Amino acid sequence: MNILVINAGSSSLKYQLINMNGENVIAKGNCERIGIDGKISHKTHDGRAFSKEVEMPDHTAAFQQVTKALLTGKAKVIDDLSEVAAIGHRIVQGGYKYDRSVLVTQQVIDDIYDLAALAPLHNKAHVQGINAAIEAFGKDVPQVVVFDTAFHQTMPPKAYMFGIPYEYYEKYKIRRYGFHGTSHRYVTARCLELLGKPDGKDTRIVSCHLGNGSSIAALKDGKVIDTTMGLTPLDGFIMGTRSGGIDPSVVSFIMDKEGFNPKEMDYILNKKSGMLGISGVSSDDRDIAQAIEDGNQRARLAWDMRTYEIIKYIGGYIAALGGIDSIIFTAGIGENQGILRQEILESLGYRGVKVDMEKNTVRGQEAEITTPDSTVLGFVIPTNEELLIARDTKDLILGS
Ligand code: AMP
């Protein structure tokens with residue numbers, strides 16, 4: 001059974017075709033600059049690849065390029081679209097309505113569109129992706145949506161409410177939703193497997209998704225009780241280009257001084273802040289690490305701010321959980337940046353956490369990175385959001 005996984009952004013459409021028999025990626029690619037000019041890059045499991053510029057005025061045109069790449073030319077992987085059993089879509093914002101993945105119906109599409117107020121850049125693009133998939137594959141090919149917010153729906157109100165007038169929650173549903181749920185769900189499920197406690201009972205886990213966008217989730221008995229991202233993926237701690245949480249009055253202060261409108265301020269906080277904003281060097285962690293080696297003090301400051309904010313969050317979550325058994329590192333930085341992992345784990349030295357320096361050199365591979373006598377187990381677990389989307393899609397279509 002082949003499942004096509006789609007991650008539609010406002011001007012991009014990433015895809016993976018996964019054979020669920022062995023859970024292998026058969027082909028994957030990316031359509032970029034949709035609505036601008038257009039470029040598709042495609043590669044197959046056996047190393048065939050191409051990249052070309054091609055007109056893509058909208059997501060429907062991008063989908064046509066995807067199906068063409070899968071069906072024709074030197075990098076084709078299937079003979080007929082009927083070899084795609086179902087399509088799974090990543091959806092950023094599921095609001096309070098969706099606490100799990102669901103099969104796509106018109107009602108679901110309408111809900112995702114309505115929730116666009118809470119994720120304007122993402123949800124509208126997701127709807128375009130779903131509609132384009134229906135056009136390309138027809139209504140009979142089942143489609144499933146997997147929400148980034150769903151896994152965090154177990155948070156209690158005391159964790160998800162903000163201390164602002166209650167009427168804004170009632171009117172606009174302003175609250176913490178949390179993101180990266182698909183990644184946190186994937187790595188924590190794997191962690192529970194490694195612990196031999198697949199049902200999660202009596203476990204307290206802190207899951208650190210550290211990438212260009214970053215978030216941490218605290219899980220008790222396998223369920224999220226709190227997470228760092230909020231109404232949008234801007235909250236939490238310093239990220240590649242996002243500020244993370246700051247004193248809210250800074251926003252109105254800068255808007256007033258610089259004459260920014262809400263959109264311009266949003267841009268500053270989402271695209272010009274974080275590691276990039278502090279260092280003035282780059283949002284990419286490898287550039288920051290290099291700049292620190294070259295003696296750049298602002299890069300050093302950005303790095304230290306991030307480590308400090310992460311440590312504060314983890315300390316808070318340990319208090320909220322009433323202890324901790326395991327800590328997970330995942331995503332681009334979490335899977336590859338041993339020094340940051342070491343700094344974080346060593347901050348827990350007071351609780352008897354001991355890093356295994358040798359094992360902590362691991363990059364991009366699953367590993368236990370604490371010593372056998374450490375009181376908390378540290379793991380690197382590579383995330384795989386696409387595989388989880390494909391698994392949910394398979395489960396839902398078989399269930400239906
Ligand atoms: P992601 O958003 O999960 O793709 O993560 C992107 C971030 O991971 C960027 O800041 C990269 O610099 C960082 N990253 C990716 N690969 C490596 C690596 N091999 N070593 C250090 N950082 C990496």
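The model shown is predicted, which means the values in this text are computed figures rather than measured ones. Counting starts at 1 for both ligands and their atoms, following the listed order.
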field: Verdict with supporting geometry, Lys223 and Leu219, side chain to side chain contact (heavy atoms under 4.5 Å, CB included)
entry: CA-CA 5 Å; Lys223 298 207 162 45; Leu219 289 92; 5.8 Å; no

message: Run His152 and His180 through ring-ring contact (aromatic ring centres under 6.0 Å, His included) and show every step you take.
response: CA-CA 9 Å; His152 300 300; His180 291 144; 8.6 Å; no

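Comment: Asp114 does not engage Lys97 in a salt bridge, judged by the lack of any side-chain N to carboxylate O separation of less than 4.0 angstrom. A salt bridge links Arg300 to Asp304: one of the charged nitrogens lies within less than 4.0 Å of a carboxylate oxygen. Electrostatic pairing of Glu193 and Arg190 counts as a salt bridge here, judged by a charged N lying under 4.0 Å from a carboxylate O.
Atom 10 (O) of ligand 1 is flagged as protein-proximal [any protein heavy atom, distance under 4.0 Å].
Closest protein heavy atom to atom 18 (C) of ligand 1: Asn336 CB, 3.3 Å. Here the heavy atom of the protein found nearest to atom 12 (O) of ligand 1 is Asp284 OD1, 2.5 Å. The protein atom (non-hydrogen) at minimum distance from atom 2 (O) of ligand 1 is Asn212 N, 2.9 Å. Arg363 NH1, 3.2 Å is the protein heavy atom nearest to atom 19 (N) of ligand 1. Among all protein heavy atoms, the one lying closest to atom 22 (N) of ligand 1 is Arg286 CG, 3.7 Å. In this structure, atom 7 (C) of ligand 1 lies nearest to the protein heavy atom Ile333 CG1, 3.7 Å.
Any N or O atom pair closer than 3.5 Å counts here, and Gln337 shares no such pair with ligand 1. Of the N or O atoms in His209, none lie within a sub-3.5 Å distance of an N or O in ligand 1. At least one N or O atom of Gly332, backbone or side chain, sits closer than 3.5 Å to an N or O atom of ligand 1.
Arg242 places a side-chain N or O within 3.5 Å of a backbone atom of Pro233 that can act as its donor or acceptor partner.
Cation-pi geometry between Arg48 and Phe50 is not satisfied (NZ or CZ under 6.0 Å from the ring centre, within 45° of the ring normal).
Aromatic ring orientation, Tyr169 versus Tyr160: tilted (interplanar angle from 30° to 60°).
Set against the non-hydrogen atoms of Gly211, the atoms of ligand 1 under 4.0 Å away are 1 (P), 2 (O), 3 (O), 5 (O).
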